[in-house]
Amino acid sequence: MINRRHALALSLGLLAAASRRASATVAPMKNVIQDSLAKHFSDNGTQGTFVAYKVDDYTVIASDAERSGEAMLPASTFKIPNSVIALETGVVGDPDKDVFKWDGVVRFIPEWNKDHTLRSAIAASAVPVYQEIARRIGEERMQKYLAAFDYGNHDIGGGIDRFWLTGDLRIDPVQQVDFIDRLRRNALPVSKRAQQLTRDILPITKVGNATIRSKTGLIGVDDKTEGGGARSSVGWLVGWVEKDDKETVFALNLDIREEHHRAARMKLAEQCLTDIGAL
């Protein structure tokens, strides 16, 4: 018998046993490498990976056994744990009323150049707002919560307002799925309120009678420039889909080789989720 978190990660052979803490004791979950999913990426002229956890079937499905375990910067997907920590510590009291004033610096994304609440900031993926949130949280508390969440490699090196953008934090798709699943279940070691409010502010996409709650990320995009003038290199999409009474948690990343690959993230997720019967 192994604990639930080992089951999720070890089902793809991607995690050393020593790196996980015990929780509930469960039987091993099923795992499937469905390499046909990779064709969706190649058909779009790029490469990527897709990992999903079908909750009701207790099954992990991945498009491959290699890139699905490759750790990289979380970029703006880190806005999810950053929001949880902000709400837990009181850095943000109300996601709809607390206002972060624009600092007057004109940045390359117009939606960033205005005041924001937490809800509007995550919708606009406003990096400067979340950098200010991280500064207010501070290094000590940030390190404490990343360790408690077992989020990626826990490493906040590279600056309190840059560690998830250009610093030392790394997370792989399987770990992303694990973290998102615990948020979905109210299983993070913080208040239910902080988790519920974070779930509530996540951007929503409707597909028929299904609801996808998700967050994007682009490695190479920071507060002032986009990859130093170069195209961002990797795009993330993480979240979960609710359809009828079933839920599926997923993480996807892909190489951004052309501009249309940014917009392709949700399309690719929908294609993969459809293929595995989650949409």
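We're numbering straight along the sequence, starting at 1.
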Would you indicate whether the side-chain heavy atoms of [Y] and [X] approach each other to under 4.5 Å?
X	Y	result
T198	I80	yes
D168	I156	no
N186	R199	yes
V238	T216	no
V190	Q195	yes
F41	L268	yes
V60	K54	no
Y53	W240	no

Check: [X]/[Y] side-chain N/O donor and acceptor closer than 3.5 Å:
X	Y	value
R265	N253	no
K79	S125	yes
N44	H40	no
K206	T211	yes
S83	Y130	yes
S191	E88	yes
T49	D64	yes

Salt bridge check: are [X] and [Y] linked by an N-O gap of less than 4.0 Å?
X	Y	value
D98	R119	no
E270	K267	no
R213	E242	yes
R136	E132	yes
K246	D244	no

Please tell me whether V99 and L197 are part of a single hydrophobic cluster in this structure, the criterion being side-chain heavy atoms less than 4.5 Å apart.
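Shared cluster, no.
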Check whether F250 and I204 end up in the same hydrophobic cluster, where Ile, Leu, Val, Met, Phe, Trp and Tyr are linked by side-chain heavy atoms less than 4.5 Å apart.
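They do not share one cluster, since no chain of ILVMFWY contacts under 4.5 Å joins F250 to I204.
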Minimal non-hydrogen separation, [X] against [Y], with atom names:
X	Y	result
H116	A124	CE1-CB, 3.8 Å
H154	L146	CD2-O, 3.9 Å
A52	T248	CB-CG2, 3.9 Å
P173	G69	CD-N, 4.5 Å
L252	L254	CD2-CD2, 3.9 Å
I85	I137	CG2-CD1, 3.6 Å

Taking W236 as the fixed residue, which of L218, L73, I219 is the one that meets the side-chain contact (heavy atoms from CB on, under 4.5 Å) rule?
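Only one of L218, L73, I219 forms a side-chain contact (heavy atoms from CB on, under 4.5 Å) with W236, namely I219.
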Residue among D94, L118, N82 satisfying side-chain contact (heavy atoms from CB on, under 4.5 Å) with L87
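Result for side-chain contact (heavy atoms from CB on, under 4.5 Å) with L87: L118.
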Which residue is it: Y145, F179, W164? I am looking for the one with a ring-ring contact (aromatic ring centres under 6.0 Å, His included) to Y151.
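The option that passes is F179.
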Set out, in order, the CA-CA distance, both residues' side-chain angles and the distance that settles side chain to side chain contact (heavy atoms under 4.5 Å, CB included) for L37 and I61, then state yes or no.
CA-CA 10 Å; L37 296 170; I61 301 172; 4.0 Å; yes
Separation of [Y] [atom2] from [X] [atom1] (nearest 0.5 Å):
X	Y	atom1	atom2	answer
D178	D150	CG	CG	7.5 Å
S63	D35	OG	CG	9.0 Å
T46	D255	OG1	CG	4.5 Å
S76	K215	OG	NZ	4.5 Å
E139	K144	CD	NZ	15.5 Å
T59	Q34	OG1	CD	11.0 Å

List the steps, then state whether side-chain hydrogen bond (donor to acceptor under 3.5 Å, both in side chains) holds for Q176 with T77.
CA-CA 9 Å; Q176 288 268 30; T77 65; 3.1 Å; yes
Please check if the side chain of N153 supplies one atom and the backbone of R170 the other of a donor-acceptor pair under 3.5 Å.
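Judged by distance alone, yes, a pair lies under 3.5 Å.
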Sub-3.5 Å donor-acceptor pair from the side chain of D155 to the main-chain atoms of G157, do we have one?
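Looks like yes, one N/O pair under 3.5 Å.
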Step by step, work out the side chain to side chain contact (heavy atoms under 4.5 Å, CB included) result for F50 and L273.
CA-CA 9 Å; F50 174 84; L273 288 165; 3.9 Å; yes
Dump the intermediate steps for side chain to side chain contact (heavy atoms under 4.5 Å, CB included) on W102 and V129, then the final yes or no.
CA-CA 8 Å; W102 177 41; V129 173; over 6 Å; no
I'd like to know whether I256 forms a side chain to side chain contact (heavy atoms under 4.5 Å, CB included) with V234, so could you lay out the CA-CA distance, the side-chain angles of the two residues, the decisive distance to 0.1 Å, and finally the verdict.
CA-CA 5 Å; I256 305 295; V234 175; 5.6 Å; no
